Protein chains: 2
Amino acid sequence: MLPIVTATGREACSQAALIADPIDDETAAGLAQVFKALGDPVRLRLVSLIGARQGGEVCVCDLTSAFDLTQPTISHHLKILRAAGLIDSERRGTWVYYRLVPAALERMATLLSVATG
Amino acid sequence: MLPIVTATGREACSQAALIADPIDDETAAGLAQVFKALGDPVRLRLVSLIGARQGGEVCVCDLTSAFDLTQPTISHHLKILRAAGLIDSERRGTWVYYRLVPAALERMATLLSVATG
DNA sequence: GCTTTCTATAGATATCTGTCAATACAGTTC
DNA sequence: GAACTGTATTGACAGATATCTATAGAAAGC
C-alpha cells in the first residue's frame, strides 16, 4: 500500500474515493443510482450469476430459471442493472445475452476503497 | 496485481468477490442491505462527509447543518448506515459523534473488485 | 404468413422508503 | 430540579419499488 500523497493528500487518485473529499449533490445522486441497483438481493444474485459464468455471458432464460420469480420480474431487474451501467446486453437470434461491465464494478470498488482515499 | 490462482481460480481470496461464485439468497440479502444503505444520495454524502473529516469523527449537528433536511431525517439516515455496519457512533456529553467503519467499506470494495475475483 | 419461443413493456397493486412535525430522551448548566 | 441544547423516536403521508398478470415485440421454423 503506497498511496501517493500530495499537498492535500488525495489528488493523486484519478478516481476519487468517497472519503477523499465531501461529494456534491449531483455526484451523490449518480453514485446512489448505481448502489441502489446493487441494493437488491435478486439483482446482486444476477450480477453474481453473470460474473461467475465461464465466458462472461448468460442468456436471460438461464437467469430466469435460477429464481422463483416470473420472467418479467427478472427482465425488470436486468433493466435496472443496465440503466446503472453495471451490465450490458446483446441480442443473438432469439436470445439476449447479458454480461458485466467490469469497469463499472471497479469504479465502485475504488470509490469504497479506504486505502486509496 | 498478482492474484493467486488455485484449482478453481478463486479460493485464494478469503473475501470472495461477487463474481467468484454465484452467491446464495442469504448472502445476497445481507450484502443488499449494505448496498441499499449506500443507495441514497443523502447517505452517500453523509459517509463522504464523515470520511473526509480530519480526525474521522463528525458531530450530528455538523452533519445536519450540511443538508437542507430536518434533524430527524438525518438521524434516520444515520441509523440506516449504522444498521448496515458502515458507521459507528459514540456519545460524548451532549453530542454524538459518528465515524466510518473502514473494514465494512473495504469489504464491499473487495466484493466489487473484479481483479480479485 | 402462421405458430412458436424468447424477451420486453404496460398496467395494477401491495409494500417499502424518505420526509416532516411533534414528541421523547439524554446530558449539561444554572 | 428546571431550563436548555443536542439527538433519537414516533406517527403520518406522498412517492418509489418489487412483484404479478396480461400483452406486445422479435426472431426462427414451419
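Quick note: numbers below take in every heavy atom, side chains included, and nothing from hydrogens, waters or symmetry partners. Labels below follow one simple rule: chain letters A, B, ... track the order of the sequence lines, proteins then strands, and each chain is numbered from 1. Since we're looking at a predicted model, the values are computed, not measured.
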Fill in: B/His77: partners by side chain to side chain donor-acceptor pair (under 3.5 Å), with sequence neighbours left out
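Side chain to side chain donor-acceptor pair (under 3.5 Å) list for B/His77, sorted by chain: B/Arg43.
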Worksheet item: Under a single-linkage rule joining Ile, Leu, Val, Met, Phe, Trp and Tyr whose side-chain heavy atoms are separated by less than 4.5 Å, which residues share a cluster with B/Ile80?
Response: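 B/Ile80 clusters with nothing; isolated.
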Discussion item. Measure CD/A/Glu57 against C1'/C/dT7 and give the value in whole Å, please.
Written reply: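 So the CD-C1' distance, A/Glu57 to C/dT7, works out to 16 Å.
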Worksheet item: Side-chain contact, heavy-atom cut-off 4.5 Å: B/Glu90 with B/Glu57?
Response: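 In contact.
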Worksheet item: With a 4.5 Å heavy-atom cut-off, do B/Leu46 and B/Tyr98 have their side chains touching?
Response: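 Not touching, per the 4.5 Å side-chain cut-off.
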Worksheet item: Is NZ or CZ of A/Arg92 both nearer than 6.0 Å to the six-membered ring centre of A/Tyr97 and within 45° of the ring axis?
Response: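 A/Arg92 over A/Tyr97 ring: yes.
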Worksheet item: Does B/Cys59 or A/Arg43 map to a spot on DNA chain D nearer the 5' end, using the closest nucleotide for each?
Response: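 The residue whose closest nucleotide sits nearer the 5' end is B/Cys59.
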Which atom pair, heavy atoms only, marks the closest approach of [X] to [Y]?
{"X": "B/Ser48", "Y": "A/Ile23", "result": "OG-N, 3.0 Å"}
{"X": "B/Trp95", "Y": "B/Cys61", "result": "CD1-SG, 4.1 Å"}
{"X": "B/Leu44", "Y": "B/Leu38", "result": "CG-O, 3.2 Å"}
{"X": "A/Ala28", "Y": "B/Pro41", "result": "CB-O, 3.6 Å"}

[X] side chain vs [Y] backbone, donor-acceptor pair below 3.5 Å:
{"X": "B/Ser113", "Y": "A/Ala109", "answer": "no"}
{"X": "A/Arg53", "Y": "A/Gly55", "answer": "no"}
{"X": "B/Thr110", "Y": "B/Glu106", "answer": "yes"}

In [range], which residues come under 4.0 Å of DNA chain C by heavy atom?
{"range": "residues 65-82 of chain A", "answer": "A/Gln71, A/Pro72, A/Ser75, A/Lys79"}
{"range": "residues 25-40 of chain B", "answer": "B/Lys36, B/Asp40"}
{"range": "residues 83-100 of chain A", "answer": "A/Thr94, A/Trp95, A/Val96, A/Tyr98"}

Discussion item. Tell me the bend of the helix from C/dG1-D/dC30 to C/dC30-D/dG1 as the angle between end helix axes, each from five pairs, rounded to the nearest 10 degrees.
Written reply: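 One end's axis against the other's: 20°.
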Practice prompt. Could you walk me through whether A/Arg45 and B/Asp24 pass the salt bridge (Lys or Arg N to Asp or Glu O under 4.0 Å) test, one step at a time?
Written response: CA-CA 7 Å; A/Arg45 285 189 59 207; B/Asp24 60 279; over 6 Å; no
